[in-house]
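Just so it is clear, the values below take in all heavy atoms, side chains as well, and ignore hydrogens, waters and symmetry mates. Computed from a predicted structure; not experimentally measured.
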Number of protein chains: 2
Amino acid sequence: MPRARISDVAQVARVSTSTVSLVLNGRTERISPATQERVREAAATVGYTPNFVARGLRTQRTRTLGLVSDQIATTPFAGRMLAGAQDAAREHGHLLILVDTGGDPGVEADAVRALAGQQVDGMIYAAMWHRVVDVPAGLPAGTVFLDCRPATGGYPSVVPDDRAGGRDAVRLLIEAGHRRIAYADIDEDQPPIASEERHEGYLEALAEVGITPDPALHVRYESSAAGGRAAAGELLDLPADRRPTAVFCFNDRMAAGIYVAAHRRGLDVPGDLSVVGYDDQQLVAGELDPPLTTIALPHAQMGRWATEVALGVRTPPEDDQPHLVPCPVVHRDSVGPPPAAAPTPAGDGPRTNP
Amino acid sequence: MPRARISDVAQVARVSTSTVSLVLNGRTERISPATQERVREAAATVGYTPNFVARGLRTQRTRTLGLVSDQIATTPFAGRMLAGAQDAAREHGHLLILVDTGGDPGVEADAVRALAGQQVDGMIYAAMWHRVVDVPAGLPAGTVFLDCRPATGGYPSVVPDDRAGGRDAVRLLIEAGHRRIAYADIDEDQPPIASEERHEGYLEALAEVGITPDPALHVRYESSAAGGRAAAGELLDLPADRRPTAVFCFNDRMAAGIYVAAHRRGLDVPGDLSVVGYDDQQLVAGELDPPLTTIALPHAQMGRWATEVALGVRTPPEDDQPHLVPCPVVHRDSVGPPPAAAPTPAGDGPRTNP
DNA sequence: CACAATTGCTCAATCGATTGAACGCTCAAT
DNA sequence: ATTGAGCGTTCAATCGATTGAGCAATTGTG
């Protein structure tokens, strides 16, 4: 049984296809209630569903949104970004067409062409971690950059506010009484924006209360639990008076490594060492013991923002700057006051990171 | 500047639109090389890209595939399944339209309608964990079920071979010399297929070598690291002669909990206790110390299989049974021989789980 | 009562491609 | 000279909807 067309409905309702179209699209100002009723009934009995392809051809709007990203598979963040985008699209009656290019520029160009050929109503270009990306050739104007910044500018973009996130993480530790706070950063040839900005936030928070940053407390290791273990090793080997009482980690995986290294030395988290992560990866942060206090990446909100801008229901900032979405602090149990052995006398005012 | 249409190309090349269509679609049997050249040149100069909407209307094929799933966000597996499906779709010149219903049946019905309206060439219904699902109303015939089995049958489906996976996991432990092997299962009101089948595989592997399963070694706890810790607590509190020397876990998260509990009791993995997980979650299995030996879920292959069947380039089994994809063993470092304190004399033949 | 305005609906063009049938031309065979 | 075949190209219908213009019947106005 072939799908019912609008003409089938028209025939059953004994009206023209125009009338059917008018009624079914709610342009009923000039249609009598009786006719409307007949049309709706007819549509129901023949089981009519509009053909969006035909409609799209006529209206030039396909109610479809293209999302091309470098990689879906390798990061667990993808899901939340996609989910945010997807939900927003659905709320506005749109469907999401997803293309994973695997980072291959050739595939990317094909994808952009294919999506343009599909007459998508809007396009989103997403990276799975915050960085600067080259603008693929042929990208339509108005494409929204998600979790990345176009190298050339000229497109709306949305990224996490990593600087504020880093600042908030460190403020949290300062408020808990810590003064000697380390930053376990990642070790990459060209550090991503996230790394730099979180570091800036770290310095900012220290500066706010007059702590002079100790370079020995900024260590760089591989972005993994193993890297975290190594970082903790270096930090905890410092002489007692320079050893940190708290570590802010570039991400939760490194934080997990810090836990392991601390436990091996018989140190308690947070009793002897406070830890703050970044990313709020459920599988890591929530499963650690004690559960990890961390900074969440606002992936769902960013996905939503990008979608809304792509659909034109929200206007991007006019200054061509990325839209920054705050990274909320997720309070769990890995932050406490510094150990008594290394007390920070109350009310002693600004001090330096020794 | 509006997009170039086929008629623009025709005008520049001084031929009819028919000829342009013929040339650009490779039906060049009857077109002179000179004309072909002119057409291609013209297409290039006006920057023509075919309008897939118009083509779809005429040909009734949209080169588009619908994938509806219950949840994208909450599981890290989604990515690999999507990536597999996406890659296969791309290889066959198709685009993937993704809908996440959040498990809401109303949204699901809308999604199915919307995708049907988009005239997708095929449809995939995916669950993010292996289970039996109700068939949504209005689902087109030929829809492929991915990582789930339709309650009513009648549709092709693909799922992991959890039974074989469980068997392989336990065989591995048996081959390492273990006889007292526990299964740390999940504790759910209606256990998912995966739980049951892995358990069957566990029993099968034991039976193969004549070990009588000890019910005390089959424990059920919450599916999390905390659940794993609890499971390990129960198992390690058994009297020495009934205590397991190895644990097969329903998933990697529970395995992570086993590690923690073991370490707290001063037990070494794998020196005192061998552990095998399931899922091969990178963030867990790869990051543990020692790295976890586990059974991988073949998400990418399943996604690919589903896509190929949906596109008709691969034919599903005719017996209406789910297509089983094997779960490969991922050898890491959490399995070793049983501790000397609980030796299994070599060559002593089949024995029972005490 | 004549005419205009309003109401309720339909006509027909249109979106941009695809495709089977047909057309005009050339050339070879009868 | 006529016919027929082969070749290269075009004609025109078609896919299934949307939509501005238009038409007939009804109602309102002077």
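Contact between A:Thr64 and A:His94 at its shortest, heavy atoms only, is N-ND1, 3.3 Å.
There is a side-chain donor-acceptor pair under 3.5 Å between A:Thr19 and A:Ser16. Side-chain contact annotation: B:Arg63 with B:His92, donor-acceptor N/O pair under 3.5 Å absent.
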Protein proximity profile, nucleotides 5-18 of chain D - base contact B, sugar-phosphate-only contact S, no contact -, cut-off 4.0 Å on heavy atoms: --BBBBBBBBBBBB
Working for side-chain contact (heavy atoms from CB on, under 4.5 Å), residues B:Val159 and B:Leu324: CA-CA 5 Å; B:Val159 299; B:Leu324 297 179; 3.5 Å; yes
side-chain contact (heavy atoms from CB on, under 4.5 Å) evaluation trace for B:Val99 with B:Leu115: CA-CA 9 Å; B:Val99 184; B:Leu115 288 171; 4.2 Å; yes
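Using cut-offs of 30° and 60° on the angle between ring planes, the pair A:Tyr125 and A:Phe145 is tilted.
Note: CZ (A:Arg27) to P (C:dT10) measures 17 Å, nearest angstrom.
One end of the helix from C:dC1-D:dG30 to C:dT30-D:dA1 points its axis 70° away from the other end's axis, with each axis taken from 5 pairs and the angle rounded to 10°.
Environment of CG in B:Asn25: crowded, with over 12 heavy atoms of neighbouring residues, nucleotides or ligands closer than 6.0 Å.
Partners of B:Ser69 by side chain to side chain donor-acceptor pair (under 3.5 Å), not counting sequence neighbours: none found.
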